[in-house]
Amino acid sequence: MEKIRMTTPLVEMDGDEMTRIIWKMIKEELLLPFVDLKTEYYDLGLKMRDETRDQITKDAAMANKKYGVGVKCATITPNKQRVEEYNLHEMWKSPNGTIRSILDGTVFRAPITIDSIKPVVKNWKKPITIARHAYGDVYKGVEIRVPGKGKAELIFTGEDGEILKETVCDFECPGVLQAMHNKDTSIRSFAHSCFKYAIDTKQDLWFSTKDTISKKYDQNFKLIFQEIFEKEYKARFDELGITYFYTLIDDAVARVIRSEGGYIWACKNYDGDVMSDMVSTAFGSLAMMTSVLCSPDGKFEYEAAHGTVTRHYYRYLKGEETSTNPMATIYAWSGALKKRGELDGLEELVAFGNKLEEACIDTLNDGIMTKDLVNLAEGIEARAVNTIDFIRSVRERLEKKLEA
């Protein structure tokens, strides 16, 4: 069979541990036999990031800006233990955070659903997409351990010399202090990405913060969203019959639990981090979650929403069999290939991405699953297989679809 052609490369960002092993399996079994794969490769494994002082992460992000579509493997964000384990020069920042900051994008995460795995929330009938702001807040917070009595102040010195000052706390004992920030430019990019994604997917958009308590910080998000919606997107939303509304995050949580799903829920950075894990777990598994970073100027980076599956990796190194779920990583590749095909006008490449996803769903519907899903399945006879056997089962079904 003649391989499906590509005209523009994808930016390929390799990763760490078990997901790096799975990355190679997916390429060898599901991509290279069928697609004349063109990628610009960047090794974002922790050792290479350390060797290049994290320059390779920035280079990969800039390449993603250049080519428009990237696909990323899960990577380690090092803590103190990882610094010692890998003998790192320093505790490097999250590569995801670096890439998100450079692309100025919003992360959209949605569960991959199948009939045999029912959501824990029984009234959820459709996927819920979490739109997570990808800049600032606690992730760029500055912290101080307060040693004892004293006054903490928040001070801003303007370029013109104007000084704004607020007392944070008169400490009568030791404590902790944190400052967070965000920027209007980033919040505007967040808003545009959310409204555009809602239009592209024809879904309602919900947005939630806590502006009743955070009367300047969170209210700024609310006001910017409302201004941009009214000026630039309301007419298109009305035309499509979709809605945008703002509510407090505690009210949003209650609404989400009572809903049937089928909408986008936009959240600030930390809220989106937490709620995407809640939604994915309630629908089945974090390994059954798509994740795409979208910038307002139309750049895309597809990835798995989960980590590097360290526990399975250590077992793999001992020669033990593992049953790691590759679905999110497969969908990162299929999503990137479909978007590349869409942007380049390559219908065959788009069709391949769709067929790859269909082959994955068919495999699961046939009861062939990794161990994380077997105990969740209802109404079918499910059996657990190891990772490579799952991928090969997907390949069998993919080959039949491509021959049809």
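The pair E320-R315 counts as a salt bridge, with a side-chain nitrogen and a carboxylate oxygen less than 4.0 angstrom apart. For E399 and R395, the salt-bridge test passes: some basic side-chain N is under 4.0 Å from an acidic carboxylate O. Between R20 and D43, at least one side-chain N (NZ, or NE/NH1/NH2) sits under 4.0 Å from a carboxylate O, which counts as a salt bridge. K400 and E396 are not joined by a salt bridge, as no carboxylate oxygen comes within less than 4.0 angstrom of a charged side-chain nitrogen. Looking at E301 and R100, no side-chain N of the basic residue comes within less than 4.0 Å of a carboxylate O on the acidic one, giving no salt bridge.
Here the side chain of T19 pairs no donor or acceptor atom with the backbone of G15 at under 3.5 angstrom. The backbone N or O of G136 sits less than 3.5 Å from a side-chain atom of N269, completing a donor-acceptor pair. With T281 contributing its side chain and S285 its backbone, the two residues share no donor-acceptor pair below 3.5 Å.
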Return a table of donor-acceptor pairs under 3.5 angstrom between the side chains of residues 217-225 and protein atoms on other chains or two or more places apart.
from	atom 1	to	atom 2	distance (Å)
Y217	OH	D137	OD1	2.4
Y217	OH	H181	O	2.9
D218	OD1	K268	NZ	2.5
D218	OD2	K210	N	2.9
D218	OD2	K268	NZ	3.4
N220	ND2	D184	OD1	2.8

Would you tabulate the side-chain donor-acceptor contacts of residues 64-71 under 3.5 Å, counting partners in other chains and residues two or more places apart, or write 'none'?
from	atom 1	to	atom 2	distance (Å)
N64	ND2	F300	O	3.1
Y67	OH	E40	OE1	3.0

Only pairs under 3.5 Å count here: list side-chain donor-acceptor contacts from residues 345-356, not counting sequence neighbours, and write none if there are none.
from	atom 1	to	atom 2	distance (Å)
N354	OD1	K338	NZ	3.3
N354	ND2	V350	O	3.4

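Considering only residues two or more places apart in sequence or on other chains, D273 meets the side chain to side chain contact (heavy atoms under 4.5 Å, CB included) condition with R132, Y139. Residues forming a side chain to side chain contact (heavy atoms under 4.5 Å, CB included) with D170 (at least two apart in sequence, or on another chain): K151, T167. For T129, there are no side chain to side chain donor-acceptor pair (under 3.5 Å) partners, not counting sequence neighbours.
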> Between K27 and E12, is a salt bridge (Lys or Arg N to Asp or Glu O under 4.0 Å) present by the stated rule, with each step listed?
Replying inline: CA-CA 11 Å; K27 286 180 68 177; E12 178 186 352; 2.9 Å; yes
>> E227 vs K231, test: salt bridge (Lys or Arg N to Asp or Glu O under 4.0 Å). Steps then yes/no.
In response: CA-CA 6 Å; E227 173 207 332; K231 285 184 178 178; 3.5 Å; yes
>> side chain to side chain donor-acceptor pair (under 3.5 Å), that's the test. Do T75 and D16 meet it? Break it down for me.
In response: CA-CA 5 Å; T75 46; D16 288 299; 5.1 Å; no
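Side-chain contact between N325 and M369 is absent, with no heavy atoms from C-beta onward closer than 4.5 Å. At least one side-chain heavy atom of D271 sits less than 4.5 Å from a side-chain heavy atom of I249. For the pair Y135 and F190, the minimum side-chain heavy-atom distance is 4.5 Å or more. Looking at heavy atoms from C-beta onward, R255 lies in side-chain contact with F245 at the 4.5 angstrom threshold.
With no hydrogens or angles considered, a side-chain donor-acceptor pair links T310 and E17 at under 3.5 Å.
How far NZ of K122 is from CD of E260: 13.0 Å, rounded to the nearest 0.5 Å. Atom NZ of residue K165 and atom CD of residue E153 lie 4.5 Å apart, to the nearest 0.5 angstrom.
When all heavy atoms of L364 and L373 are compared, the pair lying nearest together is CD2-CD1, 3.8 Å.
The ring-ring contact (aromatic ring centres under 6.0 Å, His included) with Y244 is formed by just one residue from the set Y263, Y197, F229; it is F229.
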